[in-house]
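Scroll down for the structure; my scribbles are underneath it.
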Amino acid sequence: MTSESYIFLAGASRGVGREIAQYLTAQQLKVKALLRTTAVAAELEKIGIEIVQGDALNVGDVESAMLTNEAIHTVISTIGGLPSDVERPDYPGNRNLIDAAVKAGVQKFILVSSIGVGNSVVALSPQVLAALGTVLVEKDKAEQHLIASGLTYTIIRPGGLKSEPATGNGVLTEDPHIIGSINRADVAQLVGRCLNSSPTNNKILSAVDRNMLFGQREFAEFGLE
C-alpha cells in the first residue's frame, strides 16, 4: 500500500463487508466503498470511508467508480444476494468488479465466497447443499471468473457466519473438508491480514473459528506471514 492508493470495497453496507470496513479504517487505510443505496452512507462516512454510489450489477457504475486517476491497491468484494433479490449479484456483480479491476490494474482482488463452493462442496451435508445449491453455483462462477482474469487473487470461503464480537480464533486452511462457524468480525480480520500477505496470493482458503468446528477433523492452518 502507498499513501496514494486505496482499497475499493464492495458489499460494505452489511454483514462481513461492514465488518471489513470498520477493520480497515481502524488500521488507518484509505477505503472507498461502492454502495447501491445511501441508507448507511452517513455511518460509513463517519468512520472515514469515501462513498461512491452505484450498483455492482451496472457495468457503467462499476467502471466510473473504479477507473479514476486514483490507484486502487486492492479490491475486496463481499457482495452476495438476499433471498428477496430478483437477480442475485453473486456472479454478475462480481464479474463486473473483476473486469473493471483488470482495467484499473489493481494489485490484488480478495473475494469473500463460501464454504461449499468448488472443491469445498465435500464439507457440506446433503441437506445444506440442497438448500444452498443455486447460490453456490453462482459463487463458483464468480470464483472461476476471478481465477481466469489474470489478477492476483485471494478467495476466502467462510463457514457459517455469526454476528458476535471477534474471538481472535479465526483461521484459514487449504483443506476443503473443513466446516464450522466463524464470527463476521473474525472474517474481517483475516481479510485484512491477507492484504499484504504474499503467501495468500492466488490461494483459495476456507475460514473457520478453530473453536467452532463441526466435527474433530485435524487440519493444517494456513500461515499468513
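Using a 4.5 Å cut-off on side-chain heavy atoms (C-beta onward), V208 and F214 make no contact. V191 has its side chain out of reach of Y23: every pair of non-hydrogen atoms, C-beta onward, lies at least 4.5 Å apart. D140 places none of its side-chain heavy atoms less than 4.5 Å from the side chain of V121. Put simply, the side chain of H145 reaches to within 4.5 Å of the side chain of D99, judged on heavy atoms. The side-chain heavy atoms of L34 and I79, taken from C-beta on, include no pair separated by under 4.5 Å. Within the 4.5 Å cutoff, the side chain of L111 has no heavy atoms near those of the Y153 side chain. Taking 4.5 Å as the limit, every side-chain heavy atom of L224 sits out of range of all side-chain heavy atoms of P199. Put simply, the side chain of V187 does not reach to within 4.5 Å of the side chain of E19, judged on heavy atoms.
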Practice item. Could you check T167 against D186 for side-chain hydrogen bond (donor to acceptor under 3.5 Å, both in side chains), going step by step and ending with a plain yes or no? Key: CA-CA 7 Å; T167 66; D186 286 299; 3.2 Å; yes
Practice item. Test side chain to side chain contact (heavy atoms under 4.5 Å, CB included) on L35 and L44 and set out the steps. Key: CA-CA 10 Å; L35 291 184; L44 291 174; 3.9 Å; yes
Exercise for review: Apply side chain to side chain contact (heavy atoms under 4.5 Å, CB included) to T200 and K108, showing your working.
Suggested key: CA-CA 10 Å; T200 66; K108 192 168 187 176; 2.9 Å; yes
Practice item. Assess whether side chain to side chain contact (heavy atoms under 4.5 Å, CB included) is satisfied between I156 and L172, documenting all intermediate values. Key: CA-CA 8 Å; I156 297 179; L172 298 171; 4.1 Å; yes
Exercise for review: For V106 and F8, run side chain to side chain contact (heavy atoms under 4.5 Å, CB included): C-alpha distance rounded to whole Å, both residues' side-chain angles, the deciding distance at 0.1 Å, then the answer.
Suggested key: CA-CA 10 Å; V106 305; F8 189 91; over 6 Å; no
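At a threshold of 4.5 Å between side-chain heavy atoms, the hydrophobic network of Ile, Leu, Val, Met, Phe, Trp and Tyr places V40 and L24 in one connected group. Hydrophobic clustering (side-chain heavy atoms under 4.5 Å, transitive across Ile, Leu, Val, Met, Phe, Trp, Tyr) keeps I182 apart from I179. V112 and L29 fall within a single hydrophobic cluster, where Ile, Leu, Val, Met, Phe, Trp and Tyr side chains are chained together by heavy-atom contacts under 4.5 Å. There is no path of hydrophobic side-chain contacts, each under 4.5 Å, that joins L124 to L205. There is no path of hydrophobic side-chain contacts, each under 4.5 Å, that joins I204 to V137.
Residues A12 and A33 share a closest heavy-atom pair of CB-CB, 4.0 Å. The heavy-atom pair separating A101 from F109 by the smallest distance is CB-CD1, 3.9 Å. Of all non-hydrogen atoms in G116 and L136, the two that sit nearest each other are O-CD1, 3.6 Å. Smallest separation of non-hydrogen atoms from R157 and G118: NH2-CA, 3.8 Å. Of all heavy-atom pairs between C194 and T154, the closest is SG-CG2, 4.2 Å. Nearest heavy atoms, I98 versus S149: CG2-CB, 3.6 Å.
Separating the CD1 atom in I115 from the CD1 atom in I178 is a distance of 8.0 Å, to the nearest 0.5 Å. Here the OG-CG distance, from S77 to L97, works out to 5.0 Å after rounding to the nearest 0.5 Å. The distance from the CD1 atom of I110 to the OG1 atom of T78 is 11.5 Å, given to the nearest 0.5 Å. Atom-to-atom distance recorded for R36:CZ and N58:CG is 12.0 Å, nearest 0.5 angstrom. Summarising the geometry, atom NZ belonging to K103 is positioned 10.5 Å from atom CE belonging to M66; distances are rounded to the nearest 0.5 Å. Rounded to the nearest 0.5 Å, atoms NZ (K30) and CD1 (I7) are 10.5 Å apart.
Judged purely by atom type and a 3.5 angstrom limit, S120 has no side-chain atom pairing as donor or acceptor with the backbone of A123. Not one N or O on the side chain of N169 forms a donor-acceptor pair closer than 3.5 Å with the backbone of R210. At least one donor-acceptor pair closer than 3.5 Å links the side chain of N96 to the backbone N or O of A56.
Under 3.5 Å, the side chains of S163 and R184 contain a donor-acceptor pair of N or O atoms.
When each of K141, E143, E138 is checked for a side chain to side chain contact (heavy atoms under 4.5 Å, CB included) with V117, only E143 meets the rule. Just one of T68, T74, V75 meets the side chain to side chain contact (heavy atoms under 4.5 Å, CB included) condition when paired with I72; it is V75.
Considering only residues two or more places apart in sequence or on other chains, D175 meets the salt bridge (charged side-chain N to carboxylate O under 4.0 Å, His left out) condition with R217. Under the salt bridge (charged side-chain N to carboxylate O under 4.0 Å, His left out) criterion, R18 pairs with E43, not counting sequence neighbours.
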